[in-house]
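Position 1 is the first residue of the sequence, and the numbers go up from there. Keep in mind the model is a prediction, meaning the values are calculated, not measured.
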Amino acid sequence: MRFTAIEADVRAMVTDPRWTALPLQSRAHAIASRALATPDGGRWIFGAHARWYLQDPGDGRWHLTAPPRHCPARIEPHTGVLLPHLVPRGPDFAFSGWSSQAFVGPDVPSALTSEIRALVRANGRRSADEFPLSSFREVFAGDVPGTVAAIWATIMWCAYAPAFDGNEQLLSVFGEYLGRPLPGDEWVRWLPSPPLTALVTLYGERVRAGAPRAALRLAALMADTAGILAADARFAPRAQALIAMLEPILRNPGLDHQTATGPLPAYRPPLAPQPRGTGPLTPPPVHWDTTFPPPTAAESPGRTTTGHSHETSGWAPAGHSGETSGRSPHHSGETSSRPPHHPGETTGWAPTGHSGETSGWSPGHSGEATGRTGAARPRAAPQRAPSTDPREVARAAAADDALRWSWLARVPDRLARAVLAETDPGEHLRHTVGDLLEAVAFSPDPHRTAGALLAADHADTPEGLPTVAAWLDHRLRHAVHTRLAAPRGDITEPDGFEVGPRWLDAVPPTREGAAAVLGAAYASGLAWCRLTGASVPGDGFPGAAAIVHRLIHERDDPHLNH
């Protein structure tokens, strides 16, 4: 229980108002003096973002991971230097986290779905000329206005893991607007998570087109949607972050017009994301450690809505335009003083008109979008194509990227972890893998189970594995290598469902636990795709898909349960 005791001690220390006033050296010493050592040689600290970090004995780098909570440990102060990114700043401990559950098993609450449905109905018949589809043309029919895309984009961007039951009512809301079936299989809609650029483009295109009122309305719709979604823990952190980005625009509609139209900043080549640690900036090549023994079983652990005036060019402090719930606004308006960070990144979603991004949409999926809707809406005549002048395309892309960083700079420090996918894809991968390790804590050996799920994803597509492995702790790297090197054979559960080629050696004991594993495994897959530039598979990642059969017969819909 030493890990739990150190957590409580550090939390009390970091949340004390005096903590932020201490010099960095004093804060680093306080964390280092509470380092733990386990009998197997592991060295642990409880540091930034209220996460545990394990030191790699090979190169001294610290990796975010989950601790073996039931393993005996002793305090053994760390005498080396802790880099600043490992030391809690204070606001990062205020992040309450989110649920890693996917939307398979526990459904989206019906009240939330009803509010989204009302929002879509009120905005679904607006003019496509006034609100063109500058993003998500690959999702919606040609005559669908950008207002619908703004609501959809907000839902998908805010979702921790956008894997939905094929019968999920929230997806059914959009059935008539879809231009093609959603990616997925007969059970699950495996949806890619769009980058923030996809939302920014909807807004920025209207500003550049000289339609500021339409741009303001789209921003208000995104904020209203985020306010509704904040009631569900699977959406809440990113929903709150998006509201923080948008509220300044809604109070001052001209705030971002200069950024969206130019002059643009000088081009800077993107920086490749690098694993952080005490070693060199560029990590050494990963050599699979086939001698490191895996931990033994004994060592393993066990709504706020905004009051936005949608029709005016200004900000109305209270009241909606009759399209969303009438709950009182109570946003803090907190902003961040952090300067924008510009790491290099690739994404799994390609907004129209932007080069250099890979599409996460995989064609060739049969079946309708959801099980509760009819055929997808017929595609109308295509809208006027955007400019194909390379200079104009590049200028719009650069403007949207500058606008994106302007939005991210408004995210308060306490929500910085919610937008790591946008600011630091490598750290985002570490956090999602950390969530996966916590989700599989029911396993006798969580590292072995998490390693099996990650190995499943890379068994047939090993190209990105070296990049991913550089961000994993040495125990997890060993577990992934071990599972990939093992003979491949099929195993089944008693009901006959195949659960994958030796990927799972333990089954989540509850439906909620299975949904958490599925969501964390899918989020990890999306994270490594974003880091490596790989496309998101339309039929899901093998690791996450292995959990589905634990959930498909236990849905919340009473008409489907037997």
Side-chain angles (χ1 to χ4, degrees), residues 3 6-7 31 35-71 73 76 78 80 82-83 85-86 273-280 282-296 299-302 420 424-441 443 445-455 457-458 464-484 520-521 523-525 527-528 531-532 543:
F3 286 95
I6 289 294
E7 277 189 27
I31 296 300
L36 293 180
T38 50
D40 60 359
R43 296 181 62 83
W44 303 79
I45 60 168
F46 189 60
H49 301 288
R51 293 283 205 171
W52 282 99
Y53 297 82
L54 172 66
Q55 189 175 34
D56 190 320
D59 58 21
R61 291 184 295 146
W62 294 89
H63 289 273
L64 186 155
T65 189
R69 295 188 178 275
H70 301 293
C71 178
E76 186 174 298
H78 177 64
L82 291 182
L83 294 183
H85 76 276
L86 296 169
Q274 299 288 346
R276 296 168 170 170
T278 57
T282 302
V286 173
H287 299 288
W288 293 114
D289 180 9
T290 58
T291 62
F292 185 86
T296 63
E299 298 169 354
S300 302
L420 277 176
D424 197 333
E427 285 298 307
H428 174 61
L429 174 64
R430 279 181 171 162
H431 279 275
T432 56
V433 171
D435 293 340
L436 178 60
L437 284 164
E438 292 178 0
V440 298
S443 169
D445 187 345
H447 275 79
R448 175 182 170 86
T449 302
L453 293 170
L454 292 173
D457 292 353
H458 293 281
L465 185 57
T467 300
V468 173
W471 293 87
L472 306 179
D473 70 83
H474 59 286
R475 297 186 180 195
L476 196 52
R477 289 201 304 268
H478 175 80
V480 172
H481 170 75
T482 300
R483 300 311 287 267
L484 287 174
S524 297
W528 68 254
L531 178 66
T532 64

Inset, instruction - Using only heavy-atom distances, determine whether the side chains of Glu7 and Trp52 contain a donor-acceptor pair under 3.5 Å. - result: yes
Legend entry - Flag side-chain contact, heavy atom, 4.5 Å: Arg51 against Glu438: yes
Legend entry - Sub-4.5 Å side-chain heavy-atom contact between Pro68 and Phe3: yes
Inset, instruction - Side-chain contact test, heavy atoms from C-beta onward, threshold under 4.5 Å: evaluate it for Arg430 versus Leu420 and give yes or no. - result: no
Inset, instruction - For residues Glu76 and Leu36, determine if any side-chain heavy atom of one lies less than 4.5 Å from a side-chain heavy atom of the other. - result: no
Inset, instruction - Please tell me if the side chains of His447 and Asp473 come closer than 4.5 Å, counting only heavy atoms from C-beta onward. - result: yes
Inset, instruction - Verify the distance criterion only: is there a donor paired with an acceptor across the side chains of Thr38 and Asp40 at less than 3.5 Å? - result: yes
Inset, instruction - Please test Trp528 against Asp457 for side chain to side chain contact (heavy atoms under 4.5 Å, CB included), starting from the C-alpha separation and ending with a verdict. - result: CA-CA 10 Å; Trp528 68 254; Asp457 292 353; 3.5 Å; yes
Inset, instruction - Check whether any side-chain heavy atom of Thr532 lies under 4.5 Å from a side-chain heavy atom of Val468, and answer yes or no. - result: yes
Inset, instruction - State whether the side chain of Tyr53 and the backbone N or O of Arg61 hold a donor-acceptor pair below 3.5 Å, judged by distance alone. - result: no
Legend entry - Nearest heavy atoms of Leu476 and Gly451, plus distance in Å: CD1-N, 3.6 Å
Legend entry - 4.5 Å side-chain heavy-atom contact, Leu465 and Leu454: no
Legend entry - Separation of Arg475 CZ from Asp445 CG (nearest 0.5 Å): 9.5 Å
Legend entry - Approximate separation, where rounding is to 0.5 Å, of Ile31 CD1 and Phe46 CZ: 8.5 Å
Inset, instruction - Dump the intermediate steps for side chain to side chain contact (heavy atoms under 4.5 Å, CB included) on Leu531 and His428, then the final yes or no. - result: CA-CA 9 Å; Leu531 178 66; His428 174 61; over 6 Å; no
Inset, instruction - Could you check Arg43 against Asp56 for salt bridge (Lys or Arg N to Asp or Glu O under 4.0 Å), going step by step and ending with a plain yes or no? - result: CA-CA 8 Å; Arg43 296 181 62 83; Asp56 190 320; over 6 Å; no
Inset, instruction - Give a yes or no on whether the backbone of Ala455 and the side-chain of Arg483 come within a donor-acceptor separation of less than 3.5 Å. - result: no
Inset, instruction - Give the minimum heavy-atom separation between Thr432 and Ala527, together with the two atoms involved. - result: OG1-CB, 3.6 Å
Inset, instruction - Please report the shortest heavy-atom distance between Cys71 and Pro39, naming the atom on each side. - result: SG-CD, 3.8 Å
Legend entry - Atom of Ser524, atom of Leu429 and distance for their closest heavy-atom approach: O-CD1, 3.9 Å
Inset, instruction - Of all the heavy-atom pairs spanning Ala35 and His78, show the shortest one and how long it is. - result: CB-N, 3.8 Å
Inset, instruction - State, yes or no, whether a side-chain contact exists between Thr65 and Trp44 at a heavy-atom distance under 4.5 Å. - result: yes
Legend entry - Shortest non-hydrogen contact from Ala439 toward Ala520: CB-CB, 4.3 Å
Legend entry - Trp471 and His63 aromatic centres sub-6.0 Å: no
Inset, instruction - Evaluate side chain to side chain contact (heavy atoms under 4.5 Å, CB included) for Leu436 paired with Leu453, printing each intermediate quantity in order. - result: CA-CA 9 Å; Leu436 178 60; Leu453 293 170; 3.8 Å; yes
Inset, instruction - Please step through side chain to side chain contact (heavy atoms under 4.5 Å, CB included) for the pair Leu64 and His431, ending with a clear verdict. - result: CA-CA 7 Å; Leu64 186 155; His431 279 275; 3.4 Å; yes
Legend entry - Expected output: side-chain Thr449 to main-chain Pro446 donor-acceptor under 3.5 Å: no
